[in-house]
Amino acid sequence: MNTKNPKNIPTVYEPKKVEDKIYKIWEKSGYFNPDKLPNKKTRKKSFSIMMPPPNATGVLHIGHTLMLAIQDAEVRFHRMRGEKALWIPGTDHASIATQNVVEKLLLKEGKTKEDLGRKAFLKEVDKFVKNSKNTIKTQIKKMGSSCDWSREAYTLDKNLSEAVQTVFIKMYNDGLIYKGFRMVNWCPRCVSTLADDEVNHKEKDGNLYYIKYPIKDGGFFFFFTTRPETMLGDTALVVNPKDERYLDFIGRTSVMPLTQREIPVLADSYVETGFGTGVLKVTPGHDFNDFNLGKKHKLDVIDIFDERAKIDAKSAEYHNFKDYAGLDRFEARKKIINDLQKEGFLVKIEPHKHNVGHCYRCDSVMEPKVSSQWFVDVNKKIKGGRSLKQKAIEAVKSGKIEIIPKRFDKTYFHWMNNLNDWCISRQIWFGHKIPAYYCGDCSEIMVQAKKPAHCKKCRSKKIRAEGDTLDTWFSSGLWTFSTLGWPKKTKDLKEFHPTSLMETGYDIIFFWVARMIIMSEYALGEVPFKKVYLHGLVRDEKGVKMSKSIGNVIDPLVVSEKYGADATRLSLIIGNSPGNDLKLSEEKIASFRNFSNKIWNVSRYAILNSKPTNVKDLTIPDKWILSKLNTLIKEITAHYEKIELSLAGEKLREFIWSDLADWYIETAKTQKSDVLKDILKNILVLAHPLLPFLTEHIWEVAGFKKDPKNLLIVESWPKETNIKNGKSVEKDFALIKDTIVAVRNLRAEYKVEPNKKITAIIYSKEEKILNSAKPAILFLAGLSDAIIEKSGQKPENSAEAIIKKISVYIPIGDLMDKEKELERIRKELAGAIEYRAVIQRKLENENFIKRAPEKIVNEEKKKLEEQNDLIKILEEKLRLF
RNA sequence: GGGCGAUUAGCUCAGUUGGCUAGAGCGUCUCGUUGACGUCGAGAAGGCCACAGGUUCGAGUCCUGUAUCGCCCACCA
């Protein structure tokens, strides 16, 4: 048709050329900041998300891109809906993780953190963090994230640290934080404690070492162990008091091999008669159960290891195992087995699979170790008579917090119910210092923000500060409110807390989500967020976890550069559902690059070729696409509201690609007027949360941007309108579509050359409708002409197709193959009869008529009628052949 | 040992409270394309919805069991 030559709009969308520019425009507009949004008065509702702070360890991976895509889509949607939308970005200092990275960097220069000393080391860390924070910030911006940089936060910021201190002191004063001497998880590589959930249990091949200890006055005790080196710390043997085999032994003494230490034989019902030999060796210093057992029986606790899990020299000297002093735990194990064998105490070794705890940060084998640490008491009842644990459970149970998907409720409750006191002190240099001070004279503990001048008990001036830092999750647990200025009573806090949505990975539901709930309930007495949306892991196309060592990593920056940030975002959103992992491939991203280019060209066409709209005289296709748009608005709005972004994306794609591009635009080419501009404007808005760069750019190119402030990012969300006869218009258009498809099919089947223009003959009761769209039918079916009438004779030498109420004939002249045509009709008839039988069977079923809803029955009846009609027509054809 | 999830076209997945002659994208095959787009268009092939029972007028959808894969939790020496 009479399309103008598109000169000034390139045919290919080049994201690289527009993305950075667009981001700058947004930043400059100030719209990321809810205080600077237009129409402030009408923005009553607030919507807030706190971005899960990436670790300050360096580079963002594709999983981060996923969270950014989801959160940005939601923030943009709510902003456009006229809410005060706030999204606060930030980073987490990630104590152990970051310290490890910097330690590794130092090691490359041959230095250790001890070489530098605490102060200089922390300076190094700060330098490193500053750098990676910048990298992270750039990456977040590259993805188009509309977060408020004026409120950017970092867990070690002054005010956030103040929040940490405040909570710590308050908890201590409430008796919820205490210092205790007990068994903790110890990582000898990180040289620090870890919380229970920071230990990964992995099944490993190990051995069962069968050993015997001699008993004084005769006999031996046999038992097995998986960690023979811990025998150096054994302080008792225990049997079940009811175990008849050992009754005579209770109260006697065993002389241990190697150390010659004398240890008692005790009785405790904890020991299971039926397990192993029924004898348990007790190592209170290196096993959780043994520690408790030791406490009960007042046994000595021997710590055989130093902080790096080497046999401790002092302990070795004192407890008589000097031969092993300085040995690493695994070397010690070997030597001990060797020595036991030499002396005849090793009975046998059997291979054995068992679970071994590993450090979640450095993957070293964990060692249980007794030490004096800080804990949060999760079971102590506080105000309201409920414990932290109970309050956290209540928050979800009451529905104040909705977890998406729901099945994670169970996981959450299970974890919470089994939660033990949380060890929060870390022997890490980098992090929030625990605000505690010790008196050098009377060992009084003082918990307060500033160093006391003297001991409050004995007035001594010898004051020592606690050297330990806090678990990094302690500070991130405050994230939803520390970022809003708490403990100050800020306007932000009032306005935006509880936050509307927490969007994060299901892998940190315990580490973080649970902690936030505990902390917010405690500090503010309210939930930290109303909804938690848990996304899954991004895996490679085969479902394998991405990792640098395998080399299957998709770098978000690389693919964004190649395919555009919008395409990258969409590839992470479509086909993804909460709680499930996502398989991603570069081809998938490329397919969304194609989609963004399609949108670009649809827009390009609309901008350059749309005709004025004739509101009074809309055609069937006009009404049809408007009705479709209306449905789209309704559906997509609901999807965004329910955070069903995948569905939103799919509906959008279907509308733009199939309905709009393949049908409406093609049809509109044959019309004198169209509604393209209106449609375009609407789809830009609807697509904006998912494809922000592209849509904002087109918004400007299309001239919808009336002035510099008039950006798409703050355009208001379209409302669904009442369209009269939407359904019947859709039916009318379906007739037109069916007719066109029928001709296309015939042409394909009879291999009528595409450029050969032919005249089709079309008979239909709905000839009026078809005639009204005749130009479209001709154009889309590649016809030179069509005769559209109510009914008529079957033309000679023509192929025919029958669809519902329409008969379509195209001349095929010499190509006419009677046999083939006959076969086709027979096949069609057979299919129709088969389907009719299915419907008939249903309708002949008395119970169906009786029990199925009337609506369904009527539908079936209608179907039967239609099928009968079709069969009648087909039979007639066959007869006339 | 306990819990959870998955199993639908070659591949990735949709399939809302049970009404489906089971859909989409990618891939494959055939054909086409000098005005929006080859990052494109038209058409086609391809599925006893893991298996076995049950509930129901009706089951991909609900229940029970089985199998395979995956994940999470758990201190048994």
Side-chain angles (χ1 to χ4, degrees), chain A residues 1-6 9 11-13 183 197 201 208 223-227 238 270-272 275-277 279-283 287-292 354-355 357 368 405 407-408 410-411 414-415 418 506-507 509-510 536-537 541 543 563 567 574-577 579-585 587-588 590-609 644 646-647 650 653-654 657-658 661-662 665-666 669 741 744-745 747-749 751 753-755 780-782 831 834-835 838-839 842 845-853 855-857 859-860 863 867:
Chain A
M1 304 290 102
N2 59 337
T3 45
K4 285 171 269 172
N5 187 22
I9 305 176
T11 59
V12 173
Y13 171 59
M183 182 75 49
D197 50 307
H201 293 274
L208 280 182
F223 53 87
F224 58 75
T225 174
T226 54
R227 295 188 302 152
V238 184
Y270 167 79
V271 180
E272 282 175 42
F275 191 86
T277 58
V279 177
L280 174 69
K281 74 177 195 64
V282 187
T283 322
D287 183 278
F288 282 87
N289 293 312
D290 291 10
F291 179 76
N292 293 332
H354 61 136
N355 279 318
R407 66 184 142 91
F408 279 95
K410 244 187 185 172
T411 319
H414 179 257
W415 187 81
N418 292 296
Y506 66 71
D507 50 331
I509 180 167
F510 306 135
L537 241 63
E541 62 223 286
Y563 305 104
I574 293 191
N576 195 356
S577 55
N580 294 320
D581 293 351
L582 174 76
K583 286 181 197 164
L584 184 69
S585 61
E587 292 89 81
K588 188 176 174 191
S591 79
F592 288 104
R593 181 268 323 267
N594 296 355
F595 178 49
S596 35
N597 199 59
K598 185 76 188 184
I599 298 179
W600 175 251
N601 275 288
V602 163
S603 309
R604 182 162 164 272
Y605 180 85
I607 293 163
L608 297 170
N609 302 306
E644 297 165 343
S646 178
L647 293 174
E650 274 177 47
R653 178 172 59 187
E654 199 190 319
W657 213 316
S658 317
D662 292 344
I665 288 186
E666 294 305 310
K669 284 177 183 169
V741 170
R744 283 173 177 172
N745 272 327
R747 294 185 68 130
E749 201 164 332
K751 305 215 183 315
E753 286 184 19
N755 44 11
L780 288 177
E834 204 177 307
Y835 183 41
V838 172
I839 306 167
K842 267 191 199 175
N845 184 339
E846 261 179 61
N847 284 326
F848 175 73
I849 306 283
K850 250 194 284 185
R851 301 192 192 176
K855 204 178 122 194
I856 302 289
V857 177
E859 268 169 32
E860 290 301 316
K863 272 191 219 163
Q867 219 48 32

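We use all heavy atoms of the structure for the numbers below, so side chains are in, but hydrogens, waters and symmetry mates are not. Proteins get letters first, then strands, A, B, ... in listed order; numbering begins at 1 in each.
Nucleic acid contact for A:Val741: sugar-phosphate only, since backbone atoms but no base atoms lie under 4.0 Å from a heavy atom of the residue. Counting any heavy atom pair closer than 4.0 Å across all strands shown, A:Val12 reaches a base atom. Contact annotation for A:Glu834: no contact, since no heavy-atom pair falls under 4.0 Å across all strands. Here A:Ala606 lies out of heavy-atom contact (under 4.0 Å) with every strand. Nucleic acid contact class of A:Phe288 (heavy atoms, under 4.0 Å, all strands): none. Looking at heavy-atom distances under 4.0 Å, A:Arg653 makes contact with sugar-phosphate atoms alone, never a base. Among the protein residues, A:Glu654 comes within range of no part of the nucleic acid, since none of its heavy atoms lies under 4.0 Å from any strand.
Taking atom NZ on A:Lys855 and atom C1' on B:rG58, their separation rounds to 16 Å, with Å as the unit. The nearest whole Å value for the distance from the CD atom in A:Glu587 to the C1' atom in B:rC13 is 16 Å. The OH-P distance, from A:Tyr270 to B:rC76, rounds to 9 Å in whole Å. The NZ atom of A:Lys588 sits 7 Å away from the C1' atom of B:rU12 (whole-angstrom rounding). A:Glu666 has its CD atom 8 Å from the P atom of B:rA42, to the nearest Å. B:rC13 atom C1' lies 11 Å from atom CD1 of A:Ile574, rounded to whole Å. If you take CZ of A:Arg747 and C1' of B:rG41, they are 14 Å apart, rounded to a whole angstrom. Distance CD (A:Glu272) to C1' (B:rC76): 7 Å, rounded to an integer number of Å.
Along RNA chain B, the nucleotide nearest to A:Ala748 and the one nearest to A:Asn594 differ in position, and the one closer to the 5' end is contacted by A:Asn594. In this structure, A:Phe510 and A:Arg593 both approach RNA chain B, and ranking their closest nucleotides by distance from the 5' end singles out A:Arg593.
Side-chain N/O atoms of A:Ser577 include none lying less than 4.0 angstrom from OP1 or OP2 on B:rC13. OP1 or OP2 of B:rC13 sits under 4.0 Å from a side-chain N or O of A:Lys583. The side chain of A:Asn745 contributes an N or O atom lying less than 4.0 Å from OP1 or OP2 of B:rA44. Regarding contacts with the backbone of B:rG41, a side-chain N or O of A:Lys598 is found under 4.0 angstrom from either OP1 or OP2. Applying the 4.0 Å criterion to OP1 and OP2 of B:rU39, one finds that A:Asn601 has every side-chain N and O outside that range. Between A:Trp657 and B:rG41 there is a side-chain polar atom (N or O) within less than 4.0 angstrom of OP1 or OP2.
Note on A:Lys863 versus A:Glu860: salt bridge recorded, some NZ/NE/NH1/NH2 to OD/OE distance being below 4.0 Å.
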Polar atom pairs between nucleotides 3-5 of chain B and protein, under 3.5 Å, N or O only, would you list them?
from, atom 1, to, atom 2, distance (Å)
B:rC4, OP1, A:Lys410, NZ, 2.7

Distances under 3.5 Å between protein N/O atoms and the N/O atoms of nucleotides 18-20 of chain B, please, pair by pair.
none

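Nucleotide B:rC37 is matched to nothing when pairs are restricted to Watson-Crick or G-U wobble geometry with both distances under 3.5 angstrom. Judged by Watson-Crick or G-U wobble contacts below 3.5 Å, the nucleotide B:rU17 has no partner. For B:rA44, the paired base is B:rU28 (Watson-Crick or G-U wobble, both distances below 3.5 Å). Across all strands shown, the partner of B:rU68 is B:rA6, judged by Watson-Crick or G-U wobble contacts whose two distances both fall under 3.5 Å. Partner assigned to B:rC62 is B:rG54, using Watson-Crick or G-U wobble distances below 3.5 angstrom.
Considering CZ of A:Phe595 and CD1 of A:Ile599, their distance stands at 3.5 Å, rounded to 0.5 Å. Rounding to the nearest 0.5 Å gives a distance of 9.5 Å between OH of A:Tyr563 and CG of A:Asn594. For the atom pair CG (A:Asn418) and CG (A:Asp197), the distance works out to 12.5 Å, reported to the nearest 0.5 Å.
If you take atom C1' in B:rG46 and the same atom in B:rA9, they sit 6 Å apart, rounded to whole Å. Atom P of B:rA50 sits at a distance of 15 Å from the matching atom of B:rU12, rounded to the whole Å. Taking the C1' atom of each, B:rA45 and B:rC40 are spaced 22 Å apart, rounded to whole Å. Comparing the same atom, C1', in B:rA24 and in B:rC49 gives a spacing of 16 Å after rounding to whole Å. Nucleotides B:rG23 and B:rU8 place their C1' atoms 10 Å apart, quoted to the nearest Å. Comparing the C1' positions of B:rC11 and B:rG3 gives a spacing of 31 Å, expressed to the nearest Å. B:rU17 and B:rG60 have their P atoms separated by 16 Å, given to the nearest Å. Look at the C1' atom in both B:rG19 and B:rG58: the space between them is 7 Å, to the nearest Å.
The side chain of A:Asn355 has B:rC76 as its nearest neighbour among B:rC73, B:rC76, B:rG43. Relative to the side chain of A:Glu650, the nucleotides B:rU30, B:rU39, B:rA14 differ in distance, and B:rA14 lies closest. The listed nucleotides are B:rA24, B:rA74, B:rA42; the one nearest the side chain of A:His201 is B:rA74.
A donor atom on one side chain and an acceptor atom on the other are found under 3.5 Å apart for A:Asp581 and A:Tyr506.
Annotation: side chain of A:Phe408 is in contact with side chain of A:Ile509 (closest heavy-atom distance under 4.5 Å). Looking at heavy atoms from C-beta onward, A:Thr226 lies in side-chain contact with A:Leu208 at the 4.5 angstrom threshold.
Take A:Glu587 and apply the side chain to side chain donor-acceptor pair (under 3.5 Å) test, not counting sequence neighbours, and it matches no residue.
Contact detail for A:Val602 and A:Ile665: the closest heavy-atom pair is CG1-CD1, 3.9 Å.
A distance-only check finds a donor-acceptor pair linking the side chain of A:Arg744 to the backbone of A:Leu780 [under 3.5 Å]. Formation of a donor-acceptor pair under 3.5 Å by the A:Asn601 side chain with backbone atoms of A:Asn597 is found in this model. Side-chain atoms of A:Arg747 come within 3.5 Å of backbone N or O of A:Gly782 as a donor-acceptor pair.
Shown here is A:Glu834, whose CD atom has no more than 12 heavy atoms of other residues, nucleotides or ligands within 6.0 Å.
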